[in-house]
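Report on one structure; see the data block that follows.
Numbers here simply count residues along the sequence, with the first being 1. First listed ligand is number 1; within each ligand, the first listed atom is number 1.
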Amino acid sequence: MKQGLSKIMVAVRLRPMWKKEKEKGEISIVKILDRNVVILMDPADVMAEEKVLGKHRTKEKQYAFDFAFEENAPQLELFKHTTKFLCEGVLNGFNSTVFAYGQTGAGKTYTMLGDEQNPGIMFNTMKEVFKHMKRHQIDREYTIRVSFLEIYNENIKDLIMISNDVLDLREDPIKGVQVAGLSEIEVHTPDEIFELLVYGNKNRTQEATGANETSSRSHAVLQIICEYKEKDAGVKAEIKVGKLSLIDLAGSERAAKTGNRGLRMIEGANINKSLLALGNCINMLHENNSKGQTNYIPFRDSKLTRLLKDSLGGNCRTVMIANIAPSSSNYEDTHNTLKYANRAKNIKTNVQRNVLNVEYHISQYTDIIGQLKLEIQGLKLQLGQGGNAGAALNHNMPSKDKRND
Ligand code: ADP
Ligand code: MG
């Protein structure tokens, strides 16, 4: 991964038609061409065309993305093109974010988590990170930690260490946006992680809604934190920290469509608040980047955008996977997702390596001071015996080391 300006990568993934959709007589209105073009047809046109063969389609919409995956694309294929290239970067101290966007039932959780037979991006990323880490371990010392949280009703909850505590976001000038009190679990093998992910995912707030029985009303964020220092760095080491955030967003459909009332409606409003804020930030960043404007970016409008601030506006390589369904009844949501994804294409982020310059091995340092003291004593003795090296000596005394910027 290189430092410097980088565009958000946008990929679209079409899920297969469900059996029950086929049984209901739904027709497919999405086509993928050349692995990067998505064609969305207006269901009314498709129906009309079935009656009047050869009718010219006027309302067909075409979008081009970095990648477009057709309905049978395997999990590994998706991983290979969207996330694999970020793994080496996170081990070298760069930040990256991958998020899955789309309406409920479009395949976000399948893409990010998957199942045991077809593990998704989260597990494949861990495997890849460990594979690369082994190679680097010859000259580096690594610590790999993960955290898993959800944002539900604008509250942040730990998905691994369960408690009723609502966690707060803080901005650290060096480390960026941090979630205070969030547990970080050290992992030693990728296999430990799948169970942890399934466990965490079960702790997500899931409610039956009118749109989909297992609809997830929360945003889930897995962060993989890779910290390392060079083994032969001497008395002063730079600790480098890379953070890879993998995000399974809540459904992007409008609350009205699910026919929700009461509590569900409030949840809907909050989900919309976070996704709306995300949409506003994407729009503003798009305007700034494509038209050279300097609009204020409203990251502070929601928990999700505050958390994603680094990922969208700043120091991060970002990938958006827009999940879509093929069936005609999802036309409006699919259209909205494609428009959303299309706007995200032009956003640029500025990727930098995260370096924390810290003093370490204090014991080594005190050893050196001890040795120097002995040397000084010896020299003073020599001085007492004649010669005047005192001024030069004082000048060369090691002072307490300062942090580099
Ligand atoms: P979301 O998280 O967006 O609400 P899910 O990932 O839960 O949607 O997907 C809904 C259903 O569709 C699940 O049963 C899932 O297994 C299936 N599904 C989604 N995408 C795919 C895919 N690419 N291949 C096979 N099944 C899929
Ligand atoms: Mg889901």
Side-chain angles (χ1 to χ4, degrees), residues 11-24 26 28 30-32 35 38 65 67-83 98-124 148-152 157 159 194 197-222 246-255 257-258 260 264 267-268 271-272 274-275 278 304 320-327 329-330 332-334 336-338 340-341:
V12 170
R13 184 186 208 181
L14 175 67
R15 75 153 162 80
M17 180 92 86
W18 292 331
K19 205 168 153 232
K20 68 176 181 203
E21 287 173 321
K22 283 184 194 156
E23 284 165 4
K24 272 202 255 166
E26 294 239 14
S28 173
V30 184
K31 279 204 184 88
I32 307 283
R35 292 182 27 149
V38 181
F65 297 98
F67 285 99
F69 297 93
E70 45 89 29
E71 58 201 276
N72 297 318
Q75 297 279 58
L76 271 175
E77 168 102 358
L78 205 93
F79 172 70
K80 195 172 114 192
H81 293 291
T82 61
T83 317
V98 181
F99 60 93
Y101 180 90
Q103 72 176 110
T104 297
K108 299 179 297 297
T109 305
Y110 183 82
T111 296
M112 298 314 280
L113 184 70
D115 52 42
E116 220 162 329
Q117 287 77 41
N118 306 290
I121 282 176
M122 290 174 169
F123 180 66
N124 284 316
F148 201 15
L149 65 85
E150 81 165 348
I151 305 174
Y152 175 70
K157 201 178 97 181
L159 288 175
F194 194 75
L197 290 176
V198 172
Y199 171 77
N201 210 56
K202 283 206 183 105
N203 293 326
R204 286 181 72 178
T205 311
Q206 294 192 329
E207 302 290 344
T209 72
N212 183 315
E213 281 178 347
T214 53
S215 145
S216 191
R217 317 289 291 159
S218 72
H219 313 280
V221 183
L222 174 77
L246 305 175
I247 306 180
D248 180 358
L249 293 173
S252 59
E253 64 279 359
R254 281 177 296 135
K257 195 189 165 193
T258 61
N260 294 327
R264 291 294 96 74
E267 287 171 0
I271 286 161
N272 281 351
S274 263
L275 282 176
L278 182 63
L304 180 68
M320 171 178 179
I321 300 171
N323 290 93
I324 54 171
S327 42
S329 62
N330 294 308
E332 205 183 317
D333 282 321
T334 303
N336 284 336
T337 299
L338 291 172
Y340 202 95

Exercise for the section: Kindly indicate, with the supporting measurements, whether the criterion side chain to side chain contact (heavy atoms under 4.5 Å, CB included) is fulfilled by Ile321 and Ile121. Expected result: CA-CA 11 Å; Ile321 300 171; Ile121 282 176; 3.4 Å; yes

Exercise for the section: For Glu77 and Arg13, run salt bridge (charged side-chain N to carboxylate O under 4.0 Å, His left out): C-alpha distance rounded to whole Å, both residues' side-chain angles, the deciding distance at 0.1 Å, then the answer. Expected result: CA-CA 11 Å; Glu77 168 102 358; Arg13 184 186 208 181; over 6 Å; no

Handout entry: Asn72/Glu70 under side chain to side chain contact (heavy atoms under 4.5 Å, CB included): CA gap, chis, key distance, verdict
Key = CA-CA 6 Å; Asn72 297 318; Glu70 45 89 29; 3.9 Å; yes

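Contact atoms of ligand 1 toward Thr104: 4 (O) (distance under 4.0 Å to a heavy atom of the residue). Remark: ligand 1 atoms within the under-4.0 Å shell around heavy atoms of Pro16 are 21 (C), 22 (C), 23 (N), 24 (N), 25 (C). Near Gln103, meaning under 4.0 Å from one of its heavy atoms, ligand 1 places the atoms 3 (O).
Taking 2.8 Å as the threshold, Thr104 does not count as a candidate ligand of the Mg ion (ligand 2), since none of its N, O or S atoms lies below it.
Proximity of a side-chain donor or acceptor of Glu253 to a complementary backbone N or O of Thr104 within less than 3.5 Å is detected.
Side-chain atoms of Thr111 and Asn323 include a donor-acceptor pair closer than 3.5 Å. In summary, the side chains of Gln103 and Asn330 do present a donor paired with an acceptor at a separation below 3.5 Å, with no hydrogens or angles considered.
Heavy atoms of Gly251 stay at 4.0 angstrom or farther from ligand 1. Note on ligand 1: Arg13 sits in its first shell, one or more heavy atoms being nearer than 4.0 Å. Heavy-atom distances between Gly105 and ligand 1 reach below 4.0 Å in at least one pair. Ligand 1 lies nowhere less than 4.0 angstrom from a heavy atom belonging to Met112.
Between Tyr110 and ligand 1, at least one pair of N/O atoms sits closer than 3.5 Å. The shortest N/O to N/O separation between Glu71 and ligand 1 does not fall below 3.5 Å. Remark: ligand 1 and Asp248 share no N or O pair separated by less than 3.5 Å (distance only, no angle test). For Leu14, no nitrogen or oxygen atom sits less than 3.5 Å from a nitrogen or oxygen atom of ligand 1, counting backbone and side chain alike.
Taking the six-membered ring for Trp and the full ring otherwise, Phe67 and Phe65 have centroids separated by 6.0 Å or more.
With respect to Arg15 and Glu21, a salt bridge is recorded, a charged nitrogen being found less than 4.0 Å from a carboxylate O.
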